[in-house]
Visitor: 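I'd like to ask some things about the structure below.
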Amino acid sequence: VAALGDAWDKVGGDSSAGGAAPYSGGTDSYNEAEAKEFYGARPLLVLKRLASLAQLTGGFNAKLLLDFLRTPKEAESWVNEKERAREALVLANLLGPTFIKLGQAASIRTDLIPENYALELRQLQDAVPPFDDDEAYAVLRRELGVADLGEVFSSLSESPVASASIGQVYRGTLKGSGRDVAVKVQRPSVLADIALDLFILRLLTPIQVRVSNAINKLTTDPGDLETALALVDEWGRGFVAEVDYLLEAKNTEEFKEAMARRGLNAVTAPTVVKELSTSKVLVTEWVEGTRLDRDASPDVPRLCGVAVNAYLTMLLDTGTLHCDPHPGNLLRTTDGRLCVLDWGMTLQVPPDLQYALLEFIAHVNSEDYEAIPGDFVNLGFTPPDQLEKVQNSGLTEGLTFALRQLSQGGGANKMRERLKAEFQSRYGEGLSDEEIRAAARAEMLQQMEAQLAAEGVDVNGVTNIMEEMSRRNRELFKLPPYVLYVSRAFSTLEGIGLSLDEDYSILMECYPYLAKRLLTDNSPRARTALRAMLYGPQATPAHIAMDAAPASPPQTAPKTGSQTRSQTGAAFAAAGVAAAAPAAARVRSLVALSRPRRPRAFASNQYASPFSPPMVAVAVAVAVTAVAVAAAAAAPPPAALPSVRLGLILRRLLSTAWAGEETGEAIV
């Protein structure tokens with residue numbers, strides 16, 4: 001097949017090596033229909049790549065199978081694991097940019113793949129084998145429109161200082177200005193390589209889904225295939241957008257400006273040299289720093305918190321999320337700031353989705369199960385016509401249980417340990433893993449049968465309960481494309497945190513920003529989410545009226561000064577007590593969550609002290625509320641009396657307390 005492919009090239013057939021692609025690089029340029037037409041006319045090219053993939057991976061997969069068969073069941077790792085990990089690194093480089101990207105994503109998840117594999121694959125983050133320097137210099141001359149690079153640079157490194165899946169970076173000095181710059185040059189024909197692999201992934205994905213379902217004894221529904229292909233297409237869109245360096249330059253500048261406007265000076269991005277940047281060359285000012293996961297500075301744990309805060313700001317505020325935060329793209333600068341590199345892959349998050357995420361988090365935190373199905377609809381997980389079925393499914397309690405487990409930290413490894421301990425206490429301490437799985441499966445089937453019976457389904461007429469429930473769940477839920485990017489970004493950040501502390505919890509790390517956002521955003525949806533977090537499902541019309549009270553209470557009839565002050569004071573005292581009492585526990589909970597317990601690697605006196613800013617802020621809030629209620633008795637007539645709003649007081653005080661969050665220096 002390889003010989004036929006070479007012959008095809010010689011007689012005019014396009015190949016990925018020749019640079020031909022069905023579409024150009026850019027945000028909206030990926031098109032699976034165009035790819036199908038393009039590669040449909042070039043079947044030998046597709047066969048050649050398939051044969052290459054089979055040849056490269058066949059031996060490795062056979063070795064893995066033999067290792068699996070030779071490994072004792074009680075062993076913690078497979079035999080020859082270190083050797084296979086080294087082979088996996090070589091294989092990823094041989095397979096090309098698409099598989100290098102997959103390796104980068106996997107390399108920071110030691111809770112999902114063996115440690116030996118993760119250690120080897122981390123080299124893909126900034127040490128991918130470079131392409132020829134002469135080719136890179138030729139690209140530079142062509143893109144910059146010069147015959148001699150000395151016209152632009154007074155110096156330029158002879159070899160790349162870093163090499164990645166799409167391009168490689170040289171260090172240079174600009175002629176005239178003397179500015180140190182990083183010069184990123186795109187690999188020749190990289191878009192053609194990516195487009196061909198994405199087309200083949202679309203061909204192989206339905207086969208993989210069917211095989212996976214067959215192994216799990218499930219039938220394959222058309223919805224399964226549609227979901228899997230949609231994920232491939234969404235990932236393909238992001239990957240193809242990464243090939244356009246002008247888009248990356250625009251994203252880099254916008255992020256840097258957005259962080260500066262918000263006063264988040266602890267995080268930055270490189271300064272773009274616009275006049276020298278093209279779709280295949282990106283020139284930025286050189287940033288001195290070290291990779292976050294390799295830096296030994298004592299402030300690295302703080303910068304991990306800064307990174308989470310920055311990504312939440314992107315997701316829930318600026319609306320442009322950086323989707324490639326592997327450790328090679330996160331630097332600790334020499335002045336102790338976090339620099340985010342490589343802005344080729346981003347996700348646009350509309351305001352409606354931002355508020356839907358805030359509402360969902362508030363409802364989960366307050367255990368308002370009745371509101372969560374509506375959140376699923378707003379987030380795009382559930383079709384609106386399936387809302388009632390989701391409300392009756394009982395799935396929200398299961399989701400909340402999973403989020404509680406995740407909030408305890410430790411990633412997938414610690415979560416498995418906690419679940420095993422819980423199941424052992426439920427089913428029996430002396431049971432083996434297989435026996436525990438059997439008991440859990442039996443209980444799950446029993447619950448499924450009960451749910452189907454409650455819906456009026458004849459359980460005896462259903463041959464496979466799990467298959468029936470799987471079919472129903474496919475109708476209730478779908479996977480929105482944005483989930484792929486959001487999960488990838490925060491999964492990477494969690495992996496970095498777990499490398500510093502095995503008990504790290506990214507959910508708990510998110511609460512400071514989320515609390516600040518709810519306490520400082522006065523939009524109606526944010527206020528509704530704050531009420532949900534404070535009062536939970538027990539919120540009453542009185543709570544809503546208290547939060548939305550008019551500037552002055554209504555007057556029914558003119559009254560004398562002393563009578564007015566007395567009755568006004570009593571009314572406001574009653575309102576203050578009524579609002580404060582049911583919310584007190586929620587306020588304490590909100591503050592406790594917004595300043596989470598810091599694991600060992602993240603410990604600092606700022607968070608441990610009872611006099612830390614949040615505690616002081618709450619104490620001041622309580623005092624101010626009490627003074628306001630007491631002062632109401634001596635207040636002037638209602639026309640000049642401002643309303644007492646506990647929510648507004650808390651928002652203002654706590655926003656002051658968190659004013660210096662990104663630098664770790666809170667101010668009251």
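These values consider heavy atoms only, across backbone and side chains, with no hydrogens, waters or symmetry-generated copies.
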Visitor: Taking atom types as modelled, is there a side-chain donor on Arg187 or Ser163 under 3.5 Å from an acceptor on the other?
Guide: yes
Visitor: Can you see whether Tyr355 has Arg517 sitting over its ring - NZ or CZ less than 6.0 Å from the centre and within 45° of the normal?
Guide: yes
Visitor: Using the six-membered ring of Tyr137, assess whether NZ or CZ of Arg141 lies under 6.0 Å from its centre and within 45 degrees of the ring axis.
Guide: no
Visitor: Going by the rule side-chain hydrogen bond (donor to acceptor under 3.5 Å, both in side chains), which residues pair with Arg84 if we only count those two or more places apart in sequence or in a different chain?
Guide: Asp67, Glu87
Visitor: Which residues satisfy the salt bridge (Lys or Arg N to Asp or Glu O under 4.0 Å) test with Lys256, sequence neighbours excluded?
Guide: none
Visitor: Should Thr252 and Thr284 count as side-chain neighbours, where that means a heavy-atom distance under 4.5 Å?
Guide: no
Visitor: For Asn93, give me all partners under side-chain hydrogen bond (donor to acceptor under 3.5 Å, both in side chains), at least two apart in sequence or on another chain.
Guide: none
Visitor: Taking only residues two or more places apart in sequence, or in another chain, which ones meet Asp295 in a side-chain hydrogen bond (donor to acceptor under 3.5 Å, both in side chains)?
Guide: Thr290, Ser297
Visitor: Answer yes when Glu285 and Arg179 have at least one side-chain N-carboxylate O distance shorter than 4.0 Å, and no when they do not.
Guide: yes
Visitor: Hey, are the side chains of Leu292 and Cys304 touching, using non-hydrogen atoms and a 4.5 Å cut-off?
Guide: yes
Visitor: Just to verify, what does Glu120 make a salt bridge (Lys or Arg N to Asp or Glu O under 4.0 Å) with, not counting sequence neighbours?
Guide: none
Visitor: Which residues satisfy the side-chain hydrogen bond (donor to acceptor under 3.5 Å, both in side chains) test with Ser155, sequence neighbours excluded?
Guide: Thr173
Visitor: Taking ring pair (Phe, Tyr, Trp, His ring centres under 6.0 Å) as the cut-off, I'd like each qualifying pair that reaches into residues 265-298, sequence neighbours left out, listed once.
Guide: none
Visitor: Quick test of your reading: applying salt bridge (charged side-chain N to carboxylate O under 4.0 Å, His left out), list the pairs with at least one residue in residues 231-245, sequence neighbours left out, ordered by first then second residue.
Guide: Lys101-Glu242, Arg202-Asp233, Glu234-Arg237
Visitor: Nearest 0.5 Å, please: how far is CG in Leu50 from CG in Leu204?
Guide: 6.0 Å
Visitor: For Leu303 and Gly336, which heavy atoms make the closest approach, and how far apart are they?
Guide: CD2-O, 3.6 Å
Visitor: List the atom pairs, donor and acceptor, that lie under 3.5 Å between side-chain atoms in residues 344-353 and the rest of the protein, sequence neighbours left out.
Guide:
from: Thr346; atom 1: OG1; to: Asn251; atom 2: ND2; distance (Å): 3.4
from: Gln348; atom 1: OE1; to: Thr320; atom 2: OG1; distance (Å): 3.2
from: Gln348; atom 1: NE2; to: Thr320; atom 2: OG1; distance (Å): 3.4

Visitor: Quick one: which residue pairs count as a ring pair (Phe, Tyr, Trp, His ring centres under 6.0 Å) with a foot in residues 233-259, not counting sequence neighbours?
Guide: Trp235-Phe239, Phe255-Trp343
Visitor: Keeping to residues at least two apart or across chains, list the ring pair (Phe, Tyr, Trp, His ring centres under 6.0 Å) pairs with something in residues 292-319.
Guide: Tyr311-His322
Visitor: Does any pair with a residue in residues 337-349 pass salt bridge (charged side-chain N to carboxylate O under 4.0 Å, His left out), and if so which ones, sequence neighbours excluded?
Guide: Lys184-Asp342, Asp335-Arg337
